[in-house]
Amino acid sequence: MKGGRKNLKRAAGEQSLTLQDGQSIMQVVSLRGSNLIEVLDAKDEKSLALFPAKFQKSMWIKRGSFVVVDESGKEKAIKDGSKVACIVTKVLFYEQVRALQKSTEWPEIFKSTNSDDANGSLERQACNHEENDQSESDDDDGLPPLEANINRMKPMELQTESESDSESDTDS
């Protein structure tokens, strides 16, 4: 481990996590740009959080991932008129999330959304891909399925052949 941010990399490798006063676990709803993210807390309330510059180039987040947020100055920030209510202190990785889900610190609202994280969607896609592979076995070259982009809200809808045929019939 050479270079700066050595302590960040060491802290990311820790398995155990204890929340201090004013800290809570939140789920990333959307990325707003300029180091701002929208997070969902355990009370199902959305708020803006600052993703500090010290995490740049060493940790990345995407929609659906979990973070530890410091909310100690939330009331004061809202009272002062600031839109940014909290600061991200730690990004939770897959192993840390799995360990926290078994503990009592994990919020109840997120227990229903564990299948919506990136790993759960990958497993569902793999099952769907296996079903498709049975019908299209000649296209299989031994590669795993591509992961879908979960940062998009709605995937592009493809036209069916009947729609495209009916459009070409009306054009003639």
Side-chain angles (χ1 to χ4, degrees), residues 5 7-79 82-133 144-157:
R5 306 189 199 303
N7 293 330
L8 267 178
K9 293 176 185 177
R10 187 178 304 128
E14 294 176 1
Q15 287 288 65
S16 63
L17 175 73
T18 56
L19 297 177
Q20 287 135 14
D21 292 337
Q23 288 185 341
S24 63
I25 298 171
M26 295 192 181
Q27 185 175 20
V28 176
V29 176
S30 67
L31 306 172
R32 297 294 183 122
S34 300
N35 293 345
L36 290 178
I37 59 173
E38 187 175 359
V39 292
L40 180 72
D41 63 357
K43 300 171 189 165
D44 204 21
E45 296 176 2
K46 293 181 181 178
S47 60
L48 285 179
L50 179 69
F51 191 67
K54 71 179 183 177
F55 291 132
Q56 284 181 350
K57 299 181 183 176
S58 60
M59 294 184 191
W60 292 271
I61 56 172
K62 60 183 178 181
R63 191 173 59 125
S65 58
F66 294 98
V67 292
V68 176
V69 175
D70 184 17
E71 295 183 294
S72 58
K74 186 174 183 176
E75 291 82 18
K76 184 177 185 281
I78 292 174
K79 187 172 70 172
S82 175
K83 293 181 181 180
V84 178
C86 40
I87 299 172
V88 175
T89 57
K90 187 170 184 151
V91 177
L92 297 177
F93 295 107
Y94 180 73
E95 295 84 20
Q96 294 169 331
V97 170
R98 298 294 284 179
L100 278 172
Q101 285 174 347
K102 296 173 185 173
S103 72
T104 59
E105 294 178 343
W106 192 254
E108 289 292 325
I109 191 170
F110 298 141
K111 288 187 179 180
S112 63
T113 61
N114 359 347
S115 63
D116 293 339
D117 65 356
N119 297 322
S121 64
L122 183 62
E123 290 171 5
R124 278 185 268 127
Q125 288 175 1
C127 293
N128 292 338
H129 185 66
E130 288 174 5
E131 293 171 1
N132 293 338
D133 278 350
L146 295 175
E147 183 176 341
N149 186 356
I150 62 170
N151 288 331
R152 290 191 175 264
M153 290 298 217
K154 296 179 184 173
M156 263 181 44
E157 294 182 17

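Worth saying up front: this structure is predicted, and the values here are computed from it rather than measured. Along the sequence shown, residues carry numbers from 1.
Rounding to the nearest 0.5 Å gives a distance of 10.0 Å between CZ of Arg98 and CD of Glu95. To the nearest 0.5 angstrom, Arg63 atom CZ is 11.0 Å from Glu38 atom CD. We find the CD1-NZ distance between Ile78 and Lys83 to be 13.0 Å, quoted to the nearest 0.5 Å. The distance from the CG atom of Leu100 to the OG1 atom of Thr18 is 10.0 Å, given to the nearest 0.5 Å. Rounded to the nearest 0.5 angstrom, Ile25 CD1 and Leu92 CG are separated by 6.0 Å.
At least one side-chain heavy atom of Leu50 sits less than 4.5 Å from a side-chain heavy atom of Leu36. Using a 4.5 Å heavy-atom threshold, the side chains of Trp106 and Val97 count as touching. For the pair Gln23 and Lys90, the minimum side-chain heavy-atom distance is 4.5 Å or more. No side-chain heavy atom of Lys74 sits less than 4.5 Å from a side-chain heavy atom of Cys86. Counting heavy atoms from C-beta on, the side chains of Val39 and Ser47 come closer than 4.5 Å.
In plain terms, the two heavy atoms of Phe55 and Val88 that are nearest each other are CE1-O, 3.5 Å. Between Glu105 and Leu19, the closest heavy-atom pair is OE2-N, 3.8 Å. Across all non-hydrogen atoms, the minimal contact from Ile109 to Asp41 is CG2-O, 4.1 Å. When all heavy atoms are compared, the tightest approach of Asp70 to Gly22 is OD1-O, 3.4 Å.
The residue from Met26, Gln96, Gln27 that alone fulfils the side-chain contact (heavy atoms from CB on, under 4.5 Å) condition with Phe66 is Gln27.
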| message | For a side-chain contact (heavy atoms from CB on, under 4.5 Å) check, start with the C-alpha distance between Val91 and Phe51, then their side-chain angles and the critical distance, and finish with the verdict. | response | CA-CA 10 Å; Val91 177; Phe51 191 67; 3.8 Å; yes
| field | Evaluation steps, side-chain contact (heavy atoms from CB on, under 4.5 Å), between Asn35 and Gln56 | value | CA-CA 9 Å; Asn35 293 345; Gln56 284 181 350; 3.3 Å; yes
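At a threshold of 4.0 Å, the pair Glu108-Lys111 counts as salt-bridged, since one of the basic side-chain nitrogens sits closer than that to a carboxylate oxygen.
One N or O on the side chain of Ser82 and one on the backbone of Val84 form a donor-acceptor pair closer than 3.5 Å.
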